[in-house]
Undergrad: 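Got a structure here, written out as structure tokens. Questions coming.
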Amino acid sequence: MLQSTKHDVAGLLSLLIFIFCVSTLSYADGSLVVYSGRAERLIKPVLDTFQTESGISIQMLTADSTALVNRLKLEGKRSPADVFITNDAGTLERARELKLLQPAGIFGIERIPSSFRAPDNSWIGLSGRIWVVVYNTTMVKPGDLSSILELAQPKWKGKVAIPSAGSVYLQTGVSVIREIKGDSVTKTFLRGLKENAGDSVYGKNRQIVAAVARGEVAVGLVNHYYINRHLAKNPKAPIAQLLPDQGKQGMGIVLNAAGVGITAQTKHLAQAKALVKFLISQKGQKMFASVNKEYPLNANVDAASELKPLKSFQVASVPLSRLAELRDPTMTVIEHVGLR
């Protein structure tokens, strides 16, 4: 079990619920078992394609990423899991630190830049997402805001929607701000954000985008692809994306990655490697781009046409491999400020 701290409570509760829900499940011999911290709708189309083309049967369990890490630790060598997929590089790095993953020697792995892989290749980034500002085009002009930190200013009181404290995306964003700007600036930012958001705190990014589209608030902090998905269903919605913190004085956009790792105790290593190889291939990466509107991390695959190229904007310089070690201190700051 992970070392017990006050920051693990949510994950431990999720683990108990998860174990209860799946305790009666069994796995077919020869099937590749995938533990996925990604929502099923975001990863299943890619896994289904791999299954059809390879003939390798896949069984998937979807749950909270922290609960899955705890489960892998609890199961140890008895775990049926062969592959671990999450929506957060920090969680993958935590799994690596706990020796739950193994280095992956896979042909073509160099197509994913080293900045999106663990130092020993025990986890590999699959798709990137950036933390942006969604704004209502009838209420805000692009020039009204240049940095996420400005959302703490009094002029945004009652106009901001934010993720809840339990959001891994918020935790990642605050971790990056802390690393670049320090604790003092971060606490000031969070206090102002809490004051300005009031009750506009949401558990889901899509709820934030919907609130901005309805004009209930002027702006919100979300992963970019939620904006694209909303516009795909509601093309006349008065919303747009703002890329903050650019230029010489900007800290850069917060970027995180969904990724994959092969478990340390897999009994189907060849099949697991085949899956990872497919996920980082041009075909697999194009599916992430077209289906999810995320940034493919294979350097030979372009993002969806409606997205600005990843190389066209400034990204924060904090390595993804550091997100795990930054997480607990960040949670202490978030709790100290009292974000809910």
Side-chain angles (χ1 to χ4, degrees), residues 2 11 15 18 27 31-40 42-44 46-47 50 54 56 58-129 168 172 255-281 284-285 288 294 296-298 319-327:
L2 291 175
L15 172 63
F18 180 55
Y27 304 94
S31 291
L32 196 65
V33 177
V34 175
Y35 280 8
S36 175
R38 299 218 70 189
E40 184 172 321
L42 302 181
I43 190 66
K44 192 173 185 298
V46 189
L47 298 183
F50 168 76
S54 69
I56 297 173
I58 290 181
Q59 291 182 272
M60 181 174 63
L61 290 177
T62 304
D64 172 80
S65 292
T66 300
L68 288 170
V69 171
N70 280 312
R71 182 175 178 85
L72 284 168
K73 180 67 174 176
L74 184 66
E75 291 174 333
K77 294 181 179 180
R78 298 178 294 104
S79 179
D82 300 297
V83 175
F84 181 38
I85 296 175
T86 81
N87 58 353
D88 166 57
T91 305
L92 283 166
E93 178 62 17
R94 178 62 59 86
R96 184 187 77 85
E97 292 172 350
L98 291 168
K99 303 186 186 307
L100 301 175
L101 306 176
Q102 61 176 285
I106 295 172
F107 179 78
I109 198 172
E110 70 281 353
R111 295 168 187 160
I112 305 297
S114 59
S115 57
F116 297 114
R117 292 185 266 127
D120 63 355
N121 290 331
S122 57
W123 60 260
I124 305 162
L126 297 177
S127 59
R129 71 286 303 278
V168 69
T172 297
L255 181 148
N256 199 351
V260 63
I262 297 175
T263 62
Q265 78 296 323
T266 178
K267 299 173 181 63
H268 305 99
L269 182 58
Q271 295 94 324
K273 284 186 175 182
L275 172 58
V276 175
K277 185 177 180 180
F278 175 78
L279 293 175
I280 65 176
S281 71
Q285 290 281 290
F288 284 117
E294 296 173 293
L297 298 183
N298 184 321
L320 295 181
S321 59
R322 294 207 58 221
L323 293 179
E325 66 180 279
L326 294 173
R327 185 67 50 82

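For reference, positions follow the sequence shown, starting with 1. Remember, it's a predicted structure, so these values are computed and weren't measured experimentally.
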Undergrad: Search all heavy atoms of Gly125 against all heavy atoms of Leu297 and return the closest pair with its distance.
TA: C-CD1, 3.5 Å

Undergrad: Mind checking side-chain hydrogen bond (donor to acceptor under 3.5 Å, both in side chains) for Asn298 and listing every partner two or more places apart, or none if nothing turns up?
TA: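 Listed in chain order: nothing, the list is empty.
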
Undergrad: Is any side-chain heavy atom of Leu68 closer than 4.5 Å to a side-chain heavy atom of Thr86?
TA: no

Undergrad: Could you work out, with side-chain hydrogen bond (donor to acceptor under 3.5 Å, both in side chains) as the rule, every residue matching Ser127, not counting sequence neighbours?
TA: Glu294

Undergrad: Distance from His268 atom NE2 to Ser31 atom OG, nearest 0.5 Å?
TA: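 Rounded to the nearest 0.5 Å, the NE2-OG separation comes out at 7.5 Å.
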
Undergrad: For Gln102 versus Leu269, what's the shortest heavy-atom pair and its separation?
TA: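 Looking at all heavy atoms of both residues, the closest pair is OE1-CD1, 3.7 Å.
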
Undergrad: What side-chain donor-acceptor pairs closer than 3.5 Å can you find for residues 107-114, not counting sequence neighbours?
TA:
none

Undergrad: What pairs with Glu97 under salt bridge (charged side-chain N to carboxylate O under 4.0 Å, His left out), at least two apart in sequence or on another chain?
TA: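 Checked Glu97 against salt bridge (charged side-chain N to carboxylate O under 4.0 Å, His left out); matches are Arg94.
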
Undergrad: Under the side chain to side chain donor-acceptor pair (under 3.5 Å) rule, what pairs show up with a residue in residues 257-266, not counting sequence neighbours?
TA: Asp82-Thr266, Thr263-Gln265

Undergrad: Once salt bridge (charged side-chain N to carboxylate O under 4.0 Å, His left out) is applied, do any residues pair with Arg117, and if so which ones, sequence neighbours excluded?
TA: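 Arg117: no salt bridge (charged side-chain N to carboxylate O under 4.0 Å, His left out) contacts found.
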
Undergrad: Could you report the tightest heavy-atom contact between Ser65 and Gly37, atom names first, then the distance?
TA: OG-CA, 3.3 Å

Undergrad: Can you name the residues that form a side chain to side chain contact (heavy atoms under 4.5 Å, CB included) with Glu325, not counting sequence neighbours?
TA: Arg322

Undergrad: Quick check: closest heavy atoms across Ala324 and Gly90, and the distance to 0.1 Å?
TA: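 Distance-wise, the nearest heavy atoms are CB-O, 3.4 Å.
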
Undergrad: Quick one, Leu101 with Ile262, criterion side-chain contact (heavy atoms from CB on, under 4.5 Å). Give me CA distance, side-chain angles, the key distance, then yes/no.
TA: CA-CA 6 Å; Leu101 306 176; Ile262 297 175; over 6 Å; no

Undergrad: For the side-chain hydrogen bond (donor to acceptor under 3.5 Å, both in side chains) test, which of Lys77, Arg78, Lys73, Arg71 pairs with Glu75?
TA: Arg71

Undergrad: Below 4.5 Å, heavy atoms only, C-beta onward: do Val168 and Asn87 meet side chain to side chain?
TA: yes

Undergrad: List in chain and number order the residues that pass side-chain hydrogen bond (donor to acceptor under 3.5 Å, both in side chains) with Ser321, two or more places apart in sequence or in another chain; answer none if no residue qualifies.
TA: none

Undergrad: Please answer whether the main-chain N or O of Ala89 pairs with a side-chain N or O of Asn256 as donor and acceptor at a distance below 3.5 Å.
TA: yes

Undergrad: Return the set of residues passing salt bridge (charged side-chain N to carboxylate O under 4.0 Å, His left out) with Glu93 (not counting sequence neighbours), or none when no residue passes.
TA: Arg96

Undergrad: Mind checking whether Trp123 and Val276 have side chains closer than 4.5 Å, heavy atoms only?
TA: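 Contact flag for Trp123/Val276 side chains = no.
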
Undergrad: What's the shortest heavy-atom distance between Phe288 and Leu279, and which atoms?
TA: CE1-O, 3.9 Å

Undergrad: For a 4.5 angstrom cut-off between non-hydrogen side-chain atoms, does Leu100 reach Phe84?
TA: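 Answer no - side chains too far apart.
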
Undergrad: Measuring from atom CD1 of Ile43 to atom OG1 of Thr62, what distance do you get when rounded to the nearest 0.5 angstrom?
TA: 9.5 Å

Undergrad: Nearest 0.5 Å, please: how far is OG1 in Thr66 from CG in Asn70?
TA: 7.0 Å

Undergrad: Restricting to pairs with a member in residues 260-281, which pass salt bridge (charged side-chain N to carboxylate O under 4.0 Å, His left out), not counting sequence neighbours?
TA: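 Every candidate salt bridge (charged side-chain N to carboxylate O under 4.0 Å, His left out) pair involving residues 260-281 fails, so no pair, neighbours aside, qualifies.
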
Undergrad: Just how far is it from atom CZ of Phe50 to atom CD1 of Ile56, taken to the nearest 0.5 Å?
TA: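 The CD1 atom of Ile56 is 3.5 Å from CZ of Phe50, to the nearest 0.5 Å.
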
Undergrad: Excluding sequence neighbours, so at least two apart, what forms side-chain hydrogen bond (donor to acceptor under 3.5 Å, both in side chains) with Ser122?
TA: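 Expected list: Asp120.
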
Undergrad: I'd like to check Leu275 versus Val260 (side-chain heavy atoms, cut-off strictly below 4.5 Å). Are they in contact?
TA: no

Undergrad: Among Val83, Ile58, Leu32, whose side chain to side chain contact (heavy atoms under 4.5 Å, CB included) with Leu47 holds?
TA: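 Single side chain to side chain contact (heavy atoms under 4.5 Å, CB included) partner of Leu47 among Val83, Ile58, Leu32: Ile58.
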
Undergrad: Tell me, with the steps shown, if Asp88 and Arg327 meet side-chain contact (heavy atoms from CB on, under 4.5 Å).
TA: CA-CA 12 Å; Asp88 166 57; Arg327 185 67 50 82; 3.1 Å; yes

Undergrad: Please round to the nearest 0.5 Å and tell me the distance separating atom CE of Met60 and atom NZ of Lys44.
TA: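 Rounded to the nearest 0.5 Å, the CE-NZ separation comes to 6.5 Å.
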
